[in-house]
Structures are given as structure tokens and as C-alpha cells.
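Step one of this worksheet: look at the structure below.
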Amino acid sequence: MKKLAVLLLASGLGFGANSAVQANEVRVPVGAQKQSSVETPKRGISKSQVRKKFGEPSSVKGPVGSPPITTWHYGNMTVYFEYNHVVHAVVHAG
């Protein structure tokens, strides 16, 4: 009888812990997403091409990790490089 009570108690605590962990998912339809008019560097171009077109970044961080990722910050965007080439550019909100 004690084993049954312990089992019921343990399973009840387990359900309680699981039900306390929840996440909300926000879905925005593609047509409703705000498109930015800010021009960003295209994936694959070199650091020198970015510098030539967009100028000197306001700050540089990295390289960090393996492969090495370097981050260039501009007033309206951040550009991410893997080695010497753009892998991503993000326009700042606002």
C-alpha cells in the first residue's frame, strides 16, 4: 500500500512539474512581416567588399569560436562573418 501511495505521489509531482513548464509560440504570417528598406550586405561577399560599400563599422567583435565568427556593428545593422565572408546581416529594430 505504501508503494502505491509513493508511486501516486511521485507521478502527481511529475505531472505538476511538467505542467508548470509552458512556452508560447508567436507566428507572424509572411505577408504581415515588416520588410526593411535598409540595404544589407549579401551572403558570401568579403569583408573588404562590405567595407567598400558600407564604410567602417562603429565596432568590431571577435573572432570568436570555431569556425571563427566576427561581428561588425553599424548604426542600423549588424553583419556576421565566418572567416572573411558574410554569413548573415541583421537590421536593428526601431
Side-chain angles (χ1 to χ4, degrees):
M1 193 64 148
K2 286 184 182 181
K3 285 184 180 181
L4 179 59
V6 170
L7 180 61
L8 290 174
L9 180 60
S11 65
L13 291 175
F15 287 130
N18 288 339
S19 65
V21 177
Q22 295 181 2
N24 293 325
E25 183 176 324
V26 177
R27 291 178 180 239
V28 179
V30 172
Q33 294 176 7
K34 183 178 177 182
Q35 299 298 314
S36 173
S37 61
V38 175
E39 184 180 5
T40 59
K42 303 293 181 231
R43 182 182 175 110
I45 68 171
S46 69
K47 288 180 180 179
S48 62
Q49 290 172 305
V50 173
R51 189 176 279 115
K52 183 177 179 181
K53 184 163 186 162
F54 296 94
E56 290 296 320
S58 57
S59 68
V60 175
K61 294 193 178 181
V64 176
S66 180
I69 303 296
T70 304
T71 307
W72 287 10
H73 299 278
Y74 289 88
N76 58 353
M77 70 178 160
T78 300
V79 183
Y80 299 90
F81 297 89
E82 182 178 304
Y83 295 102
N84 190 45
H85 295 91
V86 173
V87 291
H88 196 60
V90 177
V91 176
H92 301 165

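The model shown is predicted, which means the values in this text are computed figures rather than measured ones. Hydrogens, waters and symmetry mates are skipped; everything else that's a heavy atom, side chains included, is used.
Taking every heavy atom of both residues into account, T40 and F54 meet most closely at C-CZ, 3.8 Å. T70 and G62 make their closest contact through OG1-C, 4.3 Å (heavy atoms, listed as atom of the first residue, atom of the second, distance).
Residue pairs meeting the salt bridge (Lys or Arg N to Asp or Glu O under 4.0 Å) criterion with at least one member in residues 54-78, sequence neighbours excluded, are R51-E56.
Checked by atom type and distance alone, the side chain of S58 never pairs as donor or acceptor with a backbone atom of G75 at under 3.5 Å.
F81 and I69 fall into different hydrophobic clusters, defined by Ile, Leu, Val, Met, Phe, Trp and Tyr side-chain heavy atoms under 4.5 Å apart, directly or through other members.
Distance NZ/K53 to OG/S48: 13.5 Å, rounded to 0.5 Å. The distance from the CD atom of E82 to the CZ atom of R43 is 8.0 Å, given to the nearest 0.5 Å.
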Before giving the answer on side-chain contact (heavy atoms from CB on, under 4.5 Å), spell out for H92 and T78 the whole-Å C-alpha distance, their side-chain angles and the decisive distance to 0.1 Å.
CA-CA 7 Å; H92 301 165; T78 300; 2.7 Å; yes

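Of the options V50, V91, V38, a side chain to side chain contact (heavy atoms under 4.5 Å, CB included) to Y74 is made by V50 and by none of the others. The one candidate from V79, N84, V60 that meets the side chain to side chain contact (heavy atoms under 4.5 Å, CB included) condition with K47 is N84.
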